[in-house]
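Below is one structure, written out as structure tokens; comments come after it.
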Amino acid sequence: MPELPEVETVVRSLAPYLTGRRIVHAEFHSRFVTPGDRGLLTRQLTGRGIQSVERRGKFIVIQLDRGTLVIHLGMTGKLLIDAPRGTHAYGIFELDNGVLIYDDPRQFGRIEFSDTLPARIARLGPEPLQISLTDFTSALRRRNCRVKPLLLNQRFLGGLGNIYVDEALFRSGIHPRALAARISPARAARLYEAIRDVLTLAIEHRGSSISDYVDAAGERGGFQLLHQVYGREGEPCRVCRTPIRRILLVQRGTHYCPKCQRV
DNA sequence: CAGATCACCTGCTTGC
DNA sequence: TGCAAGCAGGTGATCT
């Protein structure tokens, strides 16, 4: 489900509620979401105070008074404040001011506790909204692969996913199969700006709700209404009216305009 | 290093 | 109506 704008929206809706609170009790009910010793995880979290809630890439990083709680929402993970426990409530955090439910039908998400910075986060690439234009273009030039898989690679940039890569490539007129190293400096600069624009705009609209994404207050996002290509197969390009095409690239549905986007 | 394939799950939609 | 196949916002392992 959630890419950078959705995770950012969740963090923003969560932070005021969680910061300064204490975890009274926590319990977990999925061996996929919480691999390993779930009883140990409960003991590690019980009694901990919450100092901050931040985003890094697509990860939610919750700094505790001892250790760090790291949550990845996978495809269908949701963190819900004071919500009823549905069939897929695999994590329950009882706080001194209410309850936080981790709900995740597909169980692709992960909840982990760490004393130090988890390796998964340490190896993330730079934040797309923080990297400089020169660092971005020089990194792009060094890679001998297609641009879409590269942008999806979290070690290259942290936070982009299938929706926003398709949207950014459309906005910069680049074909998803284009070779990264062959993209001209001018075109790379357009891609850089497109990534920033689309992420910033999506955050302003509180993310994209394709099927079931909601923030911690249960609110849907609105950016799906502004998608130019994602989920618009067969519909006319908003620029040139050519039908949007959908292909499979690295096993991911890929949407683009065959006229506006060239290799 | 690049990329193809599979695997991890559930649930919804589509087509027969 | 029923059933199977295909699809979904993500990541990681393995093999070529």
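Reckoned from all heavy atoms, side chains included, excluding hydrogens, waters and symmetry mates.
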- Message: Does anything in residues 216-238 of chain A come within less than 4.0 Å of DNA chain B? Heavy atoms only, and list the residues if so.
- Response: none
- Message: Give the residues of residues 138-148 of chain A touching DNA chain B, defined as any heavy atom closer than 4.0 Å, sorted by residue number.
- Response: A:R143, A:N144, A:C145, A:R146
- Task: Starting at atom CZ of A:F156, determine the distance to atom C1' of B:dG3, rounded to an integer number of angstrom.
- Result: 17 Å
- Item | P gap between B:dC6 and C:dA5, integer Å | 16 Å
Could you go over nucleotides 14-16 of chain C and give all protein N or O partners under 3.5 Å, atom names and distances?
none

- Item | Atom P, compared across B:dT5 and C:dG6: separation rounded to whole Å | 15 Å
- Residue-level proximity of residues 165-178 of chain A to DNA chain B when a heavy atom falls under 4.0 Å: none
- Can you list the stems that include DNA chain B, where a stem is three or more consecutive Watson-Crick or G-U pairs with distances under 3.5 Å? B:2-8 with C:10-16, B:10-16 with C:2-8
- Message: Which nucleotide wins on minimum distance to the side chain of A:M75, given the candidates B:dG11, C:dA8, B:dC8?
- Response: C:dA8
- Side chain of A:Q251: nearest nucleotide among B:dT5, B:dG11, C:dT11? B:dT5
- Looking at the side chain of A:R246, which of C:dA8, C:dG10, B:dT10 is the nearest nucleotide? C:dA8
- Item | OP1 or OP2 of C:dT11 under 4.0 Å from side-chain N/O of A:Q154 | yes
- Under 30°, 30 to 60°, or over 60°: which ring-plane class applies to A:Y90 and A:H88, parallel, tilted or perpendicular? tilted
- Relative to each other, are the rings of A:F136 and A:Y192 parallel, tilted or perpendicular (30° and 60° limits)? tilted
- Task: Check whether any side-chain nitrogen or oxygen of A:H72 sits under 4.0 Å from OP1 or OP2 of C:dT11, and answer yes or no.
- Result: yes
- Contact list for DNA chain B against residues 116-130 of chain A - heavy-atom distance below 4.0 Å: none
- Sticking with atom P, work out how far B:dC8 lies from C:dC3, rounded to a whole angstrom. 25 Å
- Task: Taking only the side-chain heavy atoms of A:R252 (C-beta and beyond), determine which of C:dT11, C:dA8, B:dG11 contains the nearest atom.
- Result: C:dT11
